[in-house]
S.K.: 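Below: one structure in structure tokens.
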Amino acid sequence: MANRTDTRTERAHRTIHAGGEWLAASSGATREILDPADALPFAVVAEGDEKDTDLAVAAARRAFDAGEWPHTPVAARAALLRRVADLLVRDREELGLLESRDAGKTVEEGRVDIDCVADAFRYFADLVAGEAPGRVVDAGSPDVHSVVVHEPVGVCAMITPWNYPLLQASWKIAPALAAGNTFVVKPSEITPLTTVALIGLLVEAGLPTGVANIVTGPGHTVGARLAEHPDVDLVSFTGGLTSGTKVARAAAATVKKVALELGGKNPNVVFADACETEEGFDTAVDQALNAAFIHSGQVCSAGGRLIVEESVRERFVAELARRAAKIRLGRGTEDGVECGPLVSAQQRARTEDFVASALAEGAELRCGGKRPEPSPQRPEGGYFYEPTVLDHCHREMRVVREEVFGPVLTVETFRTEDEAVALANDTEYGLAGAVWTADAGRARRVAGRLRHGTVWINDFHPYLPQAEWGGFGKSGVGRELGPAGLAEYRESKHVYQNLAPKPVRWFAG
Ligand code: NAD
């Protein structure tokens, strides 16, 4: 362990990895990484730019065009992915802590993230290892052998956000490697540390030189260059709608494959019948809290829109606000803390702006709506914001239409099932949503009508690596995880072999 830490310290500013070398930015620029709990720098990374990006893409291109990885037997690729999972387990504490400090989440959340990253590597290892190498197609003639095979796409560019830095990266890196691609990843400029560490683990696991590359740096330089780069075959982006749209536009010029995992405005629909028993009521309230406030609401699938049946609204919202006000905010590394700070001053200012606009538009503040007092667990400079419940919200409010990405829950009500479905679908996004009901028929009916990529019945937030993740509408294009999440990183090739060739005589001469 001492050796690994020393190696990482030595390369503190050399966080660009291209063609097997750890490099500083070619311009010499660096960036301080701040701990969101106190706004103090705790790490320094290279601030790469277009030149560094070109270097990394060239390395990935060489490794794909002339390297061994695309042709490495599937069993060997799967074995390497499993080794990476084992290394993640070995470094779980260190990486969980790093994720906590970088993104502001609790250490326990950081550890869970690392477990999920290891699961993604194992899942894609198992998926490719268990597959048939191709699909024989019936060509309607004994003289033809026709088979559809999968091949890697080529050089993949991956651009990731700050809320689940390593997890989002792993949903791209694991399937891309399983499929035989090479890649350049660009993590969010404010939370790059665990992704840099993962590249170290890929090298340690024995990945050939040039297959895995990383450029730390901003979106408008490194990210934009990756999206437009003529030597990149695919760009997979997770982030906000505005940046995602720019990526799609930049990628169009070279007709590369594009996968977009964007934002959400996710409804949590609660029917009165789910609250008839004390246990049902307690569970629905508890999960509504979790849906909205875990990681301070900085979750693409956060259940920030509570849509509750009018008859139980007052009781439900009163209990929700009572419990939200008791959530223990503080530095994620402190014992007993349940929720960390927002990731940046910008993210907190954005949240404050949303709350102010909601209040100006007539929402009623039931709890929160301000920064908490500093305490020993909450340093003064930290980007903390109290979990906030806004009652009497409606569709026309900006806070109901747009993604807040902060600890803000809005409350809307309905009287009929049709009204509940109409409200839940009344969003330009379509990432995830939930329905709470004790009526099994209603659960299935409503789930069937929701236009969202994931629908939970009597639950919120769980996902499975073997089930596709992604959104309808402006929540994105394509899917991660599951077989479709592997298919993103492949081209299909039809190989048609004529076993008895003869002239076709279409042309008489
Ligand atoms: P963001 O769009 O600001 O940044 C995401 C990434 O894109 C960063 O690495 C950033 O540097 C880069 N980027 C910014 N401008 C770019 C450009 N012009 N060209 C190329 N790259 C550019 O998003 P964020 O604030 O980091 O993350 C929050 C957003 O991510 C939210 O909208 C959230 O819903 C979304 N998200 C979605 C999912 C999902 O699975 N659908 C998961 C996590 C986060």
Side-chain angles (χ1 to χ4, degrees), residues 31 36 45 47-50 53 102-105 113 116 120 157-172 184-192 195 214-229 232 235-252 256 258-266 294-304 342-344 346-351 402-406 427-432 452-454 461 463 467-482 485 488:
R31 172 188 289 258
V45 296
E47 182 84 328
D49 61 15
E50 291 88 343
T53 309
D102 211 359
K105 54 185 70 184
D113 281 11
C116 293
M158 301 155 177
I159 303 172
T160 55
W162 47 257
N163 60 338
Y164 287 88
L166 196 58
L167 187 61
Q168 296 300 332
S170 74
W171 292 7
K172 302 178 192 307
V184 181
V185 63
K186 190 212 89 64
S188 167
E189 53 273 43
I190 55 175
T191 57
T195 312
I214 182 169
V215 184
T216 49
H220 65 92
T221 54
V222 178
R225 180 66 183 142
L226 283 172
E228 69 175 17
H229 205 296
V232 168
V235 58
S236 178
F237 171 90
T238 301
L241 180 57
T242 308
S243 321
T245 311
K246 286 183 191 163
V247 166
R249 205 175 288 131
K256 50 176 66 78
V258 178
L260 302 173
E261 292 291 335
L262 307 178
K265 193 68 202 177
N266 313 292
I294 192 137
H295 195 15
S296 292
Q298 301 167 114
V299 184
C300 52
S301 54
L342 297 188
V343 77
S344 63
Q346 186 192 15
Q347 204 58 28
R348 181 169 63 179
R350 179 184 155 88
T351 302
E402 296 177 23
E403 186 182 40
V404 177
F405 232 57
T427 167
E428 60 178 0
Y429 292 108
L431 187 61
H452 295 269
T454 294
H461 276 322
Y463 78 92
E468 277 75 3
W469 177 264
F472 289 29
K474 290 187 181 164
S475 286
V477 178
R479 290 292 181 271
E480 297 199 301
L481 302 179
E488 293 279 4

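Fair warning: this is a prediction, and the values are worked out from it, not measured in the lab. All values below were derived from every heavy atom in this structure, side-chain atoms included, with hydrogens, water molecules and symmetry-related copies excluded. As the structure lists them, so they are numbered: ligands from 1, and atoms in each ligand from 1.
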S.K.: Counting non-hydrogen protein atoms only, what is the nearest one to atom 6 (C) of ligand 1? Give residue, atom name and distance.
M.R.: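 For atom 6 (C) of ligand 1, the nearest protein heavy atom comes out as Thr160 O, 3.5 Å.
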
S.K.: Any idea which protein heavy atom is nearest atom 37 (C) of ligand 1, and the distance to it?
M.R.: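 Scanning the protein heavy atoms, the shortest distance from atom 37 (C) of ligand 1 goes to Leu262 O, 3.0 Å.
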
S.K.: Ligand 1 versus Val247, non-hydrogen atoms closer than 4.0 Å: side chain, backbone, both, neither?
M.R.: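 It is the side chain that touches ligand 1; the backbone stays farther off.
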
S.K.: Is the NZ or CZ atom of Lys186 both under 6.0 Å from the centre of the six-membered ring of Phe237 and within 45° of that ring's axis?
M.R.: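 No, Lys186 and Phe237 do not form such a contact.
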
S.K.: With atoms numbered from 1 as shown, which atoms in ligand 1 lie under 4.0 angstrom from a non-hydrogen atom of Ile159?
M.R.: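 Heavy-atom distances to Ile159 below 4.0 Å select 6 (C), 7 (O), 9 (O), 12 (C), 20 (C), 21 (N).
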
S.K.: Heavy-atom pairs closer than 4.0 Å: do any link ligand 1 to the side chain of Leu241, the backbone, both, or neither?
M.R.: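 Leu241 to ligand 1: no contact under 4.0 Å from either part.
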
S.K.: Which residue supplies the protein heavy atom nearest to atom 23 (O) of ligand 1, what is that atom called, and how far is it?
M.R.: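 That would be Gly240 N, 3.3 Å.
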
S.K.: Please tell me if the side chains of Thr195 and Leu166 come closer than 4.5 Å, counting only heavy atoms from C-beta onward.
M.R.: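 Yes - at least one pair of side-chain heavy atoms lies under 4.5 Å apart.
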
S.K.: What atoms of ligand 1 come within less than 4.0 Å of a heavy atom belonging to Asn163?
M.R.: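 Those atoms are 43 (C), 44 (C).
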
S.K.: When you compare ligand 1 with Glu403, is there at least one nitrogen or oxygen pair between them that comes in under 3.5 angstrom?
M.R.: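 Such a contact does occur with ligand 1.
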
S.K.: At the 4.0 Å heavy-atom cut-off, does Ala224 count as touching ligand 1?
M.R.: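 For ligand 1, residue contact (heavy atoms, under 4.0 Å) with Ala224 is present.
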
S.K.: Could you check which of Lys246, Met158, Lys265, Arg479 puts a non-hydrogen atom nearest to atom 18 (N) of ligand 1?
M.R.: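 Result: the heavy atom closest to atom 18 (N) of ligand 1 is in Lys246.
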
S.K.: Taking the side chain as every heavy atom from C-beta outward, state whether Tyr463 and Trp171 have any pair of such atoms under 4.5 Å apart.
M.R.: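 With C-beta onward as the side chain, the pair touches.
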
S.K.: Salt bridge or not between Arg31 and Glu47? Use side-chain N to carboxylate O under 4.0 Å.
M.R.: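 Looking at Glu47 together with Arg31, the answer is yes, because their closest N to O distance falls below 4.0 Å.
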
S.K.: How does Gln298 reach ligand 1, by side chain, by backbone, by both or by neither, if only non-hydrogen atoms under 4.0 Å count?
M.R.: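 Neither part.
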
S.K.: Would you mind checking which non-hydrogen protein atom is closest to atom 35 (C) of ligand 1, with the distance to 0.1 Å?
M.R.: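 Protein heavy atom with the smallest distance to atom 35 (C) of ligand 1: Gly239 O, 3.2 Å.
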
S.K.: Quick one: nearest non-hydrogen protein atom to atom 4 (O) of ligand 1, plus distance?
M.R.: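 Closest protein heavy atom to atom 4 (O) of ligand 1: Ser243 OG, 4.3 Å.
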
S.K.: Looking only at protein heavy atoms, identify the closest one to atom 10 (C) of ligand 1 and say how far it is in Å.
M.R.: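 Result: Glu189 OE1, 3.6 Å.
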
S.K.: How far is atom 39 (C) of ligand 1 from its nearest protein heavy atom, and which residue and atom name does that atom have?
M.R.: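 Result for atom 39 (C) of ligand 1: Cys300 SG, 3.4 Å.
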
S.K.: Indicate yes or no: does an N/O atom of Thr238 lie under 3.5 Å from an N/O atom of ligand 1?
M.R.: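 There is no such contact.
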
S.K.: Under a 4.0 Å heavy-atom limit, does Gln168 contact ligand 1 with its side chain, its backbone, both, or neither?
M.R.: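 Just the side chain.
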
S.K.: Give the contacting part of Val299 toward ligand 1: side chain, backbone, both or neither, where contact means a heavy-atom distance below 4.0 Å.
M.R.: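 The answer is neither.
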
S.K.: Could you check atom 17 (C) of ligand 1 against the protein and tell me its nearest heavy-atom contact, residue, atom and distance included?
M.R.: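 Going atom by atom, the protein heavy atom closest to atom 17 (C) of ligand 1 ends up being Gly219 O, 3.5 Å.
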
S.K.: Taking only non-hydrogen atoms of Ser188, do any sit less than 4.0 angstrom from ligand 1?
M.R.: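 Yes.
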
S.K.: Check ligand 1 against Gly223 and write out every atom of the ligand that is under 4.0 Å from a heavy-atom position of the residue.
M.R.: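 Matching atoms, with element in brackets: 19 (N), 20 (C), 21 (N).
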
S.K.: Report yes if some N/O of Phe237 lies less than 3.5 Å from some N/O of ligand 1; otherwise report no.
M.R.: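 Between Phe237 and ligand 1 (N or O atoms, distance only) the closest approach is not under 3.5 Å.
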
S.K.: Check Arg479 with Glu488, please: is the shortest side-chain N to carboxylate O separation under 4.0 Å?
M.R.: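 Between Arg479 and Glu488 there is no salt bridge, as every charged N stays at least 4.0 Å from the carboxylate O atoms.
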
S.K.: Report the part of Trp469 (side chain from C-beta onward, or backbone N, CA, C, O) that has a heavy atom under 4.0 Å from ligand 1; answer both or neither where that applies.
M.R.: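 The answer is the side chain of Trp469.
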
S.K.: Touching ligand 1 at all, Trp162? Heavy atoms, strictly under 4.0 Å?
M.R.: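 Yes, Trp162 has heavy atoms under 4.0 Å from ligand 1.
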
